[in-house]
Amino acid sequence: AAEKKIKIGVIYDYTGPLAGGGSDLQALGAKIMIDHINSQGGVEGYMIEPIYADAQSKPEVAINEAVRLIEQEKVDMLLGFYSSAQCVPVAAKVDSLKKFMWITTCISPAVLKGRNLKYVFRPQVHGAMFGELSVDFLNSNAQSKLGIAPKKLRVAIIHEDGPYGSGVAGGNAGAAKKLGMNIVLKEGYSATAPDLSSLVTKLKRKKPDVILHTGYNPDITLFLRQAKEQGLRWKALIGHGAGYGVVDKLFDAIGDDASHIFNVDPVSIWKLDPKSLAPGLSDITAKVGAEYMKAKPDTKTKSAHVGMAASNALVFFADVLPRAIKKYGGIDAESLRKAALETDIAPGGTLLGYGVKFPKAGESDMMGQNMRASPVVMQYVDRKVYIAWPKVLQTIDPVLPLPKGSAYSKK
Amino acid sequence: MNSKLLIAVVAAVLVALPFLGLDSYPLHLVIVILIWSFAYTGWSIMGRFGLVSLGHGAFMAVGGYVTALLWNELGLTPWIGIPIAMLCAGGLAVLIGYPCFKFRIVGHYFALVTLALSEVVRQIIIATRDTTGGSLGYTPERHGDGWSVIALQSDDRMVFYFVALAVWMAGIVIWRLVDRSMARYALEAISEDEDASAAVGVRVTREKLKVTVLSAVMTAFAGAMYCQYQMFISPDTIGGVGISLQIVFAVVVGGIYNSLGPTIGAVITLLLAEVLRIWIGTEAYCLTEKICLNVAGVPLLVYGIMLILFIIFLPKGIVGAVADRWQARNNGSVPAK
Amino acid sequence: MLRVEGLSKRFGGFTAVDNVDFALEKGEILGLIGPNGSGKSTIFNMLSGTLKPNEGSIRLDGKEIAGTPPHAICVMGVGRTFQIPRPIRRLSILENAALAGFYGQAGAVTRAQAWRSAEEALEMVGLPTDAEAAIDTLGAAGLKKLELAKALATKPSLLLADESLGGLDHSEMDQAADMLKNIREELGVTIIWVEHIMGVLMRVVDRVMVLDHGEKIAEGRPQEVAADPKVIEVYLGSDAEETAAAASRA
Amino acid sequence: MFAEFTEALFSIFFIETLINGLLLGGVLALLSLGLNLIFGVIDVVWICYAEIIMLGMYTIYFLHVDGGMPLILAAACGVGVTALLGWLTHRLVIGYLLQAAPINQLLATGGLLFFFQGAAMVAFGIEFRNLGVSLGSLALSEDIYLSWTRLLSFAIAAGVVVVLYQFLSRSYLGAAIRAISQDREIMILMGVNTKKLYLLTSAIGGGLAGLAAALLALQYDVHPFIGLSFGPITFMVCVMGGLGNMVGGFLAAFVFSELITIGGYFAELEWGYVLAFAFFIFAMFIRPEGLFARKS
Amino acid sequence: MLTLKNVNAGYGDFQALFDVSLDVRAGEAVAVIGPNGAGKSTLMRVISGMIPATVGHIEMEGVSVLDAPAHDIVGMGIAHVPENRRLFPRMTVEDNLRMGCFMPQFRAKYEARKDFVYELFPRMLERRNQMAGTLSGGEQQMCAIGRALMSDPKILLMDEPSAGLAPVIVQQVFDLIERIRAEGLTVLIVEQNVRQVLRIVDRAYVLESGSLRLEGTADELLQSAEIQKSFMGM
Ligand SMILES: Nc1ncnc2c1ncn2[C@@H]1O[C@H](COP(=O)(O)OP(=O)(O)OP(=O)(O)O)[C@@H](O)[C@H]1O
Ligand SMILES: Nc1ncnc2c1ncn2[C@@H]1O[C@H](COP(=O)(O)OP(=O)(O)OP(=O)(O)O)[C@@H](O)[C@H]1O
Ligand SMILES: [Mg+2]
Ligand SMILES: [Mg+2]
């Protein structure tokens with residue numbers, strides 16, 4: 001009997017600067033999950049037929065590929081996307097073509113905010129949440145750990161100026177302002193800037209206690225290196241995903257001085273306590289990890305990127321797709337949309353730990369955004385990743401301020 | 001006669017194209033190619049006279065951004081916005097061109113000054129991110145569903161196809177008009193020897209400026225078109241050094257001295273990129289356990305090699321080479337270099 | 001028709017042309033001679049607008065033209081040739097001349113008119129007028145002729161001919177000299193002619209002006225100048241006798 | 001607003017900015033040296049020059065990190081590899097285009113740029129690779145630290161300029177290198193093998209790229225696209241200094257870097273670049289032959 | 001000393017020399033004269049290797065010139081003062097001279113040759129640090145000849161050394177050539193200034209349309225009515 005199948009266009013950046021910034025790893029996560037589902041015999045009699053495509057780190061290529069996959073390859077839906085610069089135009093395009101799009105990664109609020117898209121869903125945390133969480137973390141710990149009242153806390157916000165960095169920084173600034181923190185500097189820069197020494201100098205002049213940083217990979221290592229060499233000091237450095245999620249690179253770049261850096265990200269799926277998750281999920285986590293190591297045997301510390309894409313893809317395959325097929329009778333965009341709107345996963349129900357629920361029409365200005373998603377604050381200590389915040393998930397008591405002995409610690 | 005017939009046939013095929021059951025995606029490609037072809041044609045109008053500008057990314061960006069900003073911020077219809085954008089690009093061309101020509105900045109120097117221009121414009125777009133969206137890109141606001149004449153927006157590709165086709169043809173016509181004009185002789189002369197040209201009465205600065213402004217304005221128009229069609233622009237998709245180089249490469253591959261050269265260049269380079277990307281896909285091939293090749297890099301690699309081979313072996317581009325062959329067969333002789 | 005007063009040109013600290021005065025009557029041929037580097041071409045460059053003088057005035061038919069851009073001066077009726085021929089190799093011979101005819105003539109010119117004046121000019125100097133003939137088919141002499149033809153196609157009233165004979169063989173030199181005479185006689189063009197080949201120059205010109213180190217050191221009829229001891233010392237050397245002979249032959 | 005500005009101006013950190021500019025200038029100078037040499041001699045803009053540097057960085061990375069070679073030795077090998085690449089670039093591409101239109105030469109090296117990027121991606125993948133070596137910094141005061149890597153870049157750039165200047169003005173080979181840029185055809189009459197001389201120049205230029213690579217590898221992650229961050233600036237430095245003018249290029253690097261850092265200090269970072277590029281355009285208008293070209 | 005046998009040469013498809021044979025004996029001065037475009041410069045270029053010969057033999061003291069790589073020819077003792085001088089304009093006089101001494105085997109003699117050239121042309125000593133491009137025409141010609149002499153050649157090829165020069169300077173240049181001859185150098189010279197050149201050479205060849213048409217001693221040619229008519233304007 002002819003097997004039924006669902007054709008999915010999977011788009012990430014396999015080339016260009018973003019590839020190494022994490023997109024490549026996200027793509028791996030999605031692929032591992034798709035292979036896993038197929039090895040389980042597919043979903044409700046449907047095998048998954050992925051068509052992988054490379055957006056080459058360029059928005060116009062992403063648009064082209066999206067259109068091609070939909071119109072030429074006649075895929076039933078799209079999944080993936082790493083860069084928000086691509087998500088913004090592609091989501092608009094796909095929605096106007098009335099096709100279903102499941103975003104695993106792009107986090108910029110701009111993708112969904114105020115756009116009222118009908119067919120685009122994002123189980124992923126959005127950028128402003130990152131920014132808000134880091135400020136919340138500071139608010140709760142400034143007095144106790146740093147001995148500084150939150151209102152007195154000097155905060156600097158720096159970010160790569162793409163949609164991702166700007167989105168997160170917007171969240172940072174909004175939350176910090178609301179809490180009355182002292183924002184001494186807020187500045188964006190291009191991720192390909194060959195020199196950040198002026199930025200470091202400005203930071204030194206403004207003497208922030210805490211630096212909130214959002215960036216991709218090369219700019220983060222450049223910043224850390226120049227900060228170290230120019231003698232920039234802080235009490236805490238909080239990164240926000242992307243480049244900060246690739247732990248190995250941080251330690252490769254600046255050695256042990258990368259210790260005690262914080263990173264706000266969806267939790268690394270391998271760091272979660274299996275007991276906090278729904279039964280069966282931890283087996284999948286383990287399997288994803290095993291496949292990951294098979295694909296990239298050199299890995300020292302498993303990056304959160306792989307798990308993130310795997311988890312977000314799994315939500316679709318395990319929850320949305322079966323409902324669409326069983327309840328709404330198909331895999332067309334309309335059925336998938338209805339199924340997605342009914343998703344209601346409680347916390348602990350995904351590999352990433354958070355639950356999933358999308359807003360009903362009119363409920364939010366961010367239609368398609370998972371309202372139950374939340375990142376965590378992690379802290380890296382000696383190449384190990386610990387969860388520092390929120391309190392319920394803590395696996396470490398956050399080390400704050402930066403202990404003496406680090407090149408970045410205040411004398 | 002013969003060539004007129006050929007043109008008629010080509011025109012008929014082009015007009016009939018969407019009715020010949022061309023799928024939506026190929027139609028999309030054709031539209032994109034037409035828009036780029038127009039931009040490339042615009043570049044070659046000056047490029048063929050040795051005015052190698054690496055600054056056309058700037059003009060294209062001005063075309064797209066000014067049009068979109070006017071629409072979003074002031075609600076000014078692109079019908080007015082595009083002419084304003086073209087005016088801006090023309091102004092920018094004068095701003096950079098006049099001193100360049102006055103001070104005799106030619107050759108590599110001109111190329112690099114204009115290269116700096118595209119970087120300046122790109123950086124300014126990025127730096128004014130509060131208005132332009134920075135490297136996030138910029139989207140003209142939709143004016144309802146379906147298609148809107150006032151906003152020059154359309155969901156229907158067919159409409160855009162015919163607009164793009166008309167624009168492209170206009171580009172070819174402009175190219176030919178310049179080619180037949182007296183200005184062409186003047187510019188050929190200028191490109192070889194400015195002093196000698198001035199000595200026979202040619203107004204060097206003015207002639208150069210005229211063609212530069214024409215070229216810039218055409219490129220800006222292409223930028224606006226691109227924006228209206230894709231409904232998205234970003235500093236890297238229609239501005240910056242990358243785009244400037246893309247334009248130059250395509251024209252050289254196609255043939256700089258022929259009206260159809262830029263178009264052929266667009267067809268070849270854009271299709272090549274498309275085909276290579278799709279064909280090669282995203283898999284990694286491992287030679288051994290440890291040594292894996294990332295074949296995603298192959299398109300870039302092939303593109304590079306092709307470009308080099310083209311330049312070494314077909315320095316006049318594809319159209320130029322074909323035309324030479326054609327001429328040689330008709331004359332039974334070898335064409336002069 | 002041309003009146004030059006106090007003309008000077010300096011390059012950095014070096015004075016290439018130093019306070020030179022001279023005047024020309026309509027239809028005259030003036031020979032401009034002087035040692036290498038004495039400023040002859042520099043004077044031409046200033047007359048034709050390629051260089052701006054530092055001081056001095058140049059009046060053409062009473063109108064001041066010093067500092068006017070070269071294309072404007074060309075249109076006002078000053079044609080020039082370059083010492084080293086500068087043809088446009090990408091254009092055919094005819095197109096080279098037609099370009100000059102189109103842009104260099106005063107008033108609005110149609111294409112047909114431009115091409116006609118180009119053909120006339122080419123015929124005058126004895127170059128082919130068929131549309132296809134390429135520059136590459138010309139030798140050194142042909143290129144010199146083309147320089148003249150380009151200048152003539154602009155219908156000049158004043159022609160500046162810079163070393164039109166350099167590198168030509170004897171028979172060609174004679175031809176060229178005759179041609180200059182013809183141009184004056186048939187078209188009534190006033191000519192300034194720079195040349196190092198005295199045997200030919202002296203036969204053709206009405207008057208000679210001699211420069212040395214940018215300064216005018218002598219001026220007068222050919223015989224007088226050829227006999228001037230100063231000119232003999234700085235310029236003619238042992239050629240003086242032959243020069244004088246040529247001058248008297250005129 | 002104004003108070004903020006004056007405060008920034010009279011702050012110790014403004015001095016740090018000036019020093020940073022100086023040190024960045026060292027990096028830019030080093031980057032542009034080889035390109036300038038090639039530019040001046042062969043009169044071809046190697047758009048792919050920054051990509052040769054990138055390949056040099058990879059060489060050093062692999063030899064040092066994977067091969068366990070001492071850094072100095074790895075750097076020396078890097079210089080060797082880039083010299084070879086420079087040689088090959090001329091041998092396989094430019095050599096065929098010496099008579100071609102300048103635009104075609106420029107574009108051919110553009111083709112090489114894509115080729116090098118693609119090749120790097122195929123061979124090394126898209127990962128960012130980091131040498132993980134830091135030379136630390138020199139503390140001038142409580143507040144001001146100078147990066148040793150940058151000091152080293154500065155010193156090496158200055159040293160190389162002096163050596164190159166001596167080489168070009170004193171040696172026979174140097175004279176030939178200057179001469180060939182002025183009249184290629186008659187070099188044969190001097191008994192100069194022009195092909196060899198071009199190849200030699202290309203190799204020296206390439207080798208200088210390797211030197212730059214060694215110092216960049218200490219400061220930046222290596223990835224196939226790193227060249228894009230440096231390419232345009234490098235060309236402009238060369239042009240602003242006067243093509244083929246080593247000393248001019250060296251000085252221009254500092255003008256550029258100071259503009260970038262000072263602009264970045266008073267406003268957002270991009271404005272530094274806008275300032276530098278705009279100044280470049282302006283400088284071309286007032287001194288088209290290069291800011292530091294001697295009047296001939 | 002220098003012998004050409006049945007040499008053909010040209011540019012691309014264009015053939016400029018047809019079956020040219022000539023020889024120059026040691027110590028001689030030989031002129032090549034002919035109308036424009038006859039191929040005189042082409043002949044010089046073939047000998048010095050600037051363009052390849054398509055057919056024929058060229059021998060210098062019994063050694064085949066054509067078998068040697070072009071850039072080694074100057075090492076065989078053939079120096080060429082090209083048409084239009086072709087100095088390196090943005091290099092000093094001294095650097096130009098140095099380039100004449102480029103080949104490794106000449107370098108040891110650099111100082112001695114330089115002194116020789118400065119002795120020959122005291123004007124050059126005066127101008128040694130001036131950019132060659134700013135020299136006057138006559139000075140440039142001196143510099144070009146000096147540069148060729150730096151390699152201590154056995155034969156000097158000169159292509160229209162008097163072109164574009166003022167009469168006094170032309171005289172100086174011819175004097176100069178005589179002085180060089182007096183130093184024992186063999187000279188092959190191309191000139192338009194036929195009358196003067198025939199006064200200083202021993203023999204001359206007449207080249208027309210790429211072929212040799214006449215050959216004779218200077219005196220014979222000076223007397224020849226045909227030569228007088230076509231090359232001296234008499
Ligand atoms: N653009 C320039 N910059 C500097 N010096 C110049 C320039 N043009 C000419 N000169 C100098 O001015 C002087 C006069 O040059 P000019 O060309 O007028 O001489 P000329 O009389 O035409 O000589 P010739 O007979 O050799 O052609 C020369 O010394 C020359 O080097
Ligand atoms: N580089 C070249 N490419 C093509 N043809 C050339 C080239 N140089 C010379 N010719 C042609 O070769 C022929 C001989 O030229 P050549 O320069 O040897 O003549 P010549 O006798 O030296 O003339 P002149 O007295 O003008 O210097 C001429 O017809 C000329 O057009
Ligand atoms: Mg002159
Ligand atoms: Mg000759």
Side-chain angles (χ1 to χ4, degrees), chain B residues 44 46-52 98-99 101-104 106-107 177-211 255-258 315-316 320 323-324 327-328 330-337, chain C residues 44-45 47-51 68-82 84-92 94-107 109-111 114-115 117-118 121 132 134-137 146-147 149-156 160 162:
Chain B
S44 76
M46 69 186 284
R48 61 182 291 217
F49 298 117
L51 292 165
V52 178
Y98 183 75
F101 302 148
K102 193 88 193 157
F103 295 114
R104 293 280 180 92
V106 293
L177 285 179
V178 172
D179 188 55
R180 301 212 177 124
S181 72
M182 206 56 213
R184 187 200 121 206
Y185 294 104
L187 287 163
E188 297 262 19
I190 290 168
S191 76
E192 236 182 90
D193 190 334
E194 296 197 359
D195 279 332
S197 314
V200 295
V202 176
R203 309 186 66 160
V204 174
T205 302
R206 199 160 78 171
E207 293 295 332
K208 280 167 105 174
L209 211 51
K210 270 179 0 197
V211 77
I256 197 168
Y257 302 111
N258 196 295
K316 286 171 155 183
D324 278 356
Q327 213 175 358
N330 285 359
N331 299 353
S333 70
V334 189
K337 273 227 176 116
Chain C
F44 271 21
N45 284 336
L47 293 181
S48 65
T50 310
L51 288 176
T68 310
H71 58 85
I73 291 188
C74 174
V75 172
M76 290 161 84
V78 179
R80 75 167 296 181
T81 71
F82 284 96
I84 299 155
R86 295 165 87 164
I88 306 301
R89 294 191 173 271
R90 284 206 250 161
L91 302 180
S92 72
L94 181 61
E95 285 166 344
N96 262 278
L99 181 75
F102 189 84
Y103 286 96
Q105 291 187 51
V109 181
T110 65
R111 272 198 193 209
W115 254 260
S117 62
E132 300 287 307
I135 300 290
D136 293 336
T137 60
L146 179 61
E147 281 295 308
K150 281 185 350 188
L152 291 179
T154 67
K155 300 258 165 78
L160 310 174
D162 198 352

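Quick caveat: nothing in here was measured; it's all calculated off a predicted structure.
Judged purely by atom type and a 3.5 angstrom limit, C:S117 has no side-chain atom pairing as donor or acceptor with the backbone of C:G101. Side-chain N or O atoms of B:E192 include one that pairs as donor or acceptor with a backbone N or O of C:R90 at under 3.5 Å.
Residues C:N45 and C:R80 bring a donor and an acceptor atom of their side chains to less than 3.5 Å of each other.
Heavy-atom distances place the side chain of B:E207, and not its backbone, under 4.5 Å from chain C. For chain B, no part of C:P69 is nearby; none of its heavy atoms comes within less than 4.5 Å. For C:S48, no part lies near chain B; criterion is any non-hydrogen pair under 4.5 Å.
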Working for side chain to side chain contact (heavy atoms under 4.5 Å, CB included), residues B:R203 and B:K210: CA-CA 11 Å; B:R203 309 186 66 160; B:K210 270 179 0 197; over 6 Å; no
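Taking B:S197, B:S191, B:A198 one by one and counting their heavy-atom pairs under 4.5 Å with chain C, the maximum is reached by B:A198.
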